[in-house]
Number of protein chains: 2
Amino acid sequence: MEDVAARAGVSRALVSLVFNDSPKVSERRRAAVLAAAAELGYQPHAMAKALASRTSTVLGVLVSDLRNTFFADVIEGLDGAATQAGFELVLNTGSRSPAREADALRRLLSFRPAGVVLLSPVLAASAIAAAARRVPVVLVSRGSRQPGVDTVNDDGVSGARLAVEHLISLGHRRIAHLDGGTATAAAARRKGYRQAMAAHDLPARVLPSEHTDTAGEKAVRALLGTVEGDDVPTALFAGNDFNAFGAISALEEAGLRVPEDVSVVGYDNTSLAALRRVSLTTVDQPRMEMGRLAVETLLERVRGERAEPVRQLLRPTLVVRGTTCPPSGSD
Amino acid sequence: MEDVAARAGVSRALVSLVFNDSPKVSERRRAAVLAAAAELGYQPHAMAKALASRTSTVLGVLVSDLRNTFFADVIEGLDGAATQAGFELVLNTGSRSPAREADALRRLLSFRPAGVVLLSPVLAASAIAAAARRVPVVLVSRGSRQPGVDTVNDDGVSGARLAVEHLISLGHRRIAHLDGGTATAAAARRKGYRQAMAAHDLPARVLPSEHTDTAGEKAVRALLGTVEGDDVPTALFAGNDFNAFGAISALEEAGLRVPEDVSVVGYDNTSLAALRRVSLTTVDQPRMEMGRLAVETLLERVRGERAEPVRQLLRPTLVVRGTTCPPSGSD
DNA sequence: GATCGAGATTGGAGCGCTCTATTGAGTAGA
DNA sequence: TCTACTCAATAGAGCGCTCCAATCTCGATC
């Protein structure tokens, strides 16, 4: 910087002004500085700048599991929004261990980020609160009633309702839900299913299962083993796509056609669902949008535009593909 | 830091030594400093440290497409190795545009990282060379003959050979390859297929296709439409898992059973392949290992242990599942 | 031509830390 | 008791930048 200033025949301070697009720099000097910088290959030092200006262009991101496509998509959204706002992402993984997450968070904070995004952390609530006292924090895919913490979540209740309403509008009446058990997202989806069924005076039927294909198979086999003809549901709302895929396998194995005999809806819109052969009707979470919104929510707080916590609940959308149709016998 | 020093009754320099685990600090002082730091909630400032020590604990990561699970897995590996070595990841995405990637790289470099990892960038070679002049660079999933640049790649040739040798050892003779066309990884896989077939004096048969399920379906339909009975391959080596999945669909549609009539091998070991219903035999790239190795390779250069470029080629492994068996009619 | 004021420019302190050289306190040997 | 060392601790400069207050420049005004 010193050298650039010397070469352009100006002071260091002026170089700083030029690189920060200050309006109070004459065109002549600006050109001279830019030229000198180009010749010398000068590039400002982000860390020195952060230190001197006491501001940070860093956003910390703590992700519990990157290998999950869900988070990868969210981070893509984070990155886009951060880049646009002039921020960089510092990324750390906690490998699903509270202790490692706490350590990762500590290291993140040592960079004095402008804010921190926590993606579905398993971290103790107290640790989150402690972080929130030092820096703005936004939580994705995990609730919180902490005062200094904003949250961004998929509205699983309305997503499930979307799926069930779709089935009902097709004419289905006997619709069962393959439950996700203890999975984080399962409770909301179950609730949405129950709400939708109740709203139409239909009996809810929740079959215990899990968010895997084998569990889906097993649950359907168990179902078919216990019910007879007219009591078999004409539609299934699965806890997620993997579960739906297992369920479809078991149905076909039992000689039932999908969707002619039984319609199936999944949740998550994984790459699996898009496969031509599978062509699964499913609920899509706006993952990148969640990332984008997380950054925007965070920056509002960073810029001091808001102090009260905000709870963002994003509307998922239904992707209708080939595993749903009206029940046989209807119209 | 000033405050901590005062509270512990020592100098600032001593606090610095304590936080850097210097051996030349008496136990008494160390304890005093640590206690004072805990009381005051002091945490060292990573950026100030970097600035003063002229060293960096940052590794820049430029990823072309995070949404691709492949990269997410690699990054997981990067993160693990980086954390272990005491480095943090600064992440940027280029969204497959050379211009945006160049900009992202520039921003990455403004943090004066100790090194940079480029994941399958579409960046111009000259831009990579320019970066390599300023900082150690390692390239993942893209070759380079630049002197200052190390590379880490999956050995697609031996991966393909692994798949084909497996089929041959099962007794297959008529093995066709569903080609990946212009996809980056396709050439190596095609080459490996050809090598393995030639090594056993078997005629190679490359069917043009692409790395998608629909392309796999189409290619198999085309194949079945042109060949008669005895000329139908008993095994297919698909360019990747999606392609294999499409191929399987088309085979079953034509009344051929997998694997009894036709064995199928994929490539990539996606989550799809592990589904119980699919249970695809496929080739697994050591993705996390690639990330880990990328960091280690980078750090060798960072520490100045090596100056000559290194070309890491990782051996993929075969995951045998349910889509391969001996051809009917054999033994 | 002197004065004023607005805009352009600059000096210098300081962000939180490290690092070199130096001082201080013991300790052992003569 | 004195010198020679060693190990522990410190002072102070400086990393690359920003930002405040101070200064300079120059056209407009009287």
Side-chain angles (χ1 to χ4, degrees), chain A residues 1-37 40-58 86 88 90 106-114 134-135, chain B residues 1-37 40-58 86 88 90 106-114 134-135:
Chain A
M1 188 176 194
E2 197 77 61
D3 304 341
V4 174
R7 182 162 195 133
V10 299
S11 68
R12 264 177 24 256
L14 215 245
V15 176
S16 170
L17 292 178
V18 168
F19 274 92
N20 288 292
D21 296 317
S22 166
K24 45 169 62 175
V25 173
S26 65
E27 260 328 307
R28 198 164 55 85
R29 306 290 201 176
R30 157 167 285 125
V33 168
L34 256 21
L40 266 48
Y42 165 81
Q43 291 207 262
H45 189 307
M47 293 201 181
K49 171 170 177 157
L51 188 59
S53 64
R54 272 141 279 194
T55 62
S56 176
T57 61
V58 163
E88 308 300 318
V90 176
R106 192 184 51 66
R107 282 159 36 220
L108 236 35
L109 290 177
S110 79
F111 277 81
R112 301 293 189 274
R134 302 186 49 190
V135 66
Chain B
M1 187 178 195
E2 196 79 59
D3 303 340
V4 174
R7 183 163 195 129
V10 300
S11 68
R12 261 175 30 251
L14 215 245
V15 176
S16 170
L17 292 178
V18 168
F19 274 92
N20 287 293
D21 297 317
S22 165
K24 45 169 64 173
V25 173
S26 66
E27 257 330 304
R28 197 164 56 85
R29 307 289 200 174
R30 157 166 285 125
V33 168
L34 256 21
L40 266 49
Y42 165 80
Q43 290 206 263
H45 190 306
M47 292 200 180
K49 173 172 178 157
L51 188 59
S53 64
R54 273 138 277 195
T55 62
S56 176
T57 61
V58 163
E88 308 300 319
V90 176
R106 191 184 50 66
R107 280 158 38 217
L108 237 34
L109 290 177
S110 79
F111 277 81
R112 301 292 188 272
R134 303 186 47 188
V135 67

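Just so it is clear: chains get the letters A, B, ... in the order the sequence lines come, proteins before strands, and each one is counted from 1. Computed from a predicted model, the values in this text were never measured in an experiment.
- A 4.0 Å heavy-atom criterion places the boundary nucleotides of DNA chain D facing chain A at D:dG16 to D:dC19, written 5' to 3'.
- A:R29 comes within 4.0 angstrom of the backbone, heavy atoms only, and of no base.
- At distances below 3.5 Å, not a single donor-acceptor pair connects side-chain atoms of B:R7 with backbone N or O atoms of B:A32.
- Whole-Å rounding puts the A:R54 CZ to C:dC17 P distance at 13 Å.
- Rounded to whole angstrom, the span from the CZ atom of B:R12 across to the P atom of C:dT18 amounts to 10 Å.
- Nucleic acid contact class of B:V15 (heavy atoms, under 4.0 Å, all strands): none.
- Atom CG in A:L17 sits roughly 13 Å away from atom C1' in C:dG7 (whole-Å rounding).
- Side-chain proximity of A:K24 to the nucleotides C:dG14, C:dT9, C:dT18 is greatest for C:dT9.
- Taking atom CD on A:E27 and atom C1' on C:dT9, their separation rounds to 15 Å, with Å as the unit.
- When the P atom of C:dA8 is taken as reference, atom CZ of A:R28 falls 12 Å away, rounded to whole Å.
- As a whole-Å value, the separation of A:L51 CG from C:dA13 P is 18 Å.
- Taking only side-chain nitrogens and oxygens, B:S16 comes nearer than 4.0 Å to OP1 or OP2 of C:dT18.
- Under a 3.5 Å cut-off, the side chain of B:R54 and the backbone N or O of B:A52 do form a donor-acceptor pair.
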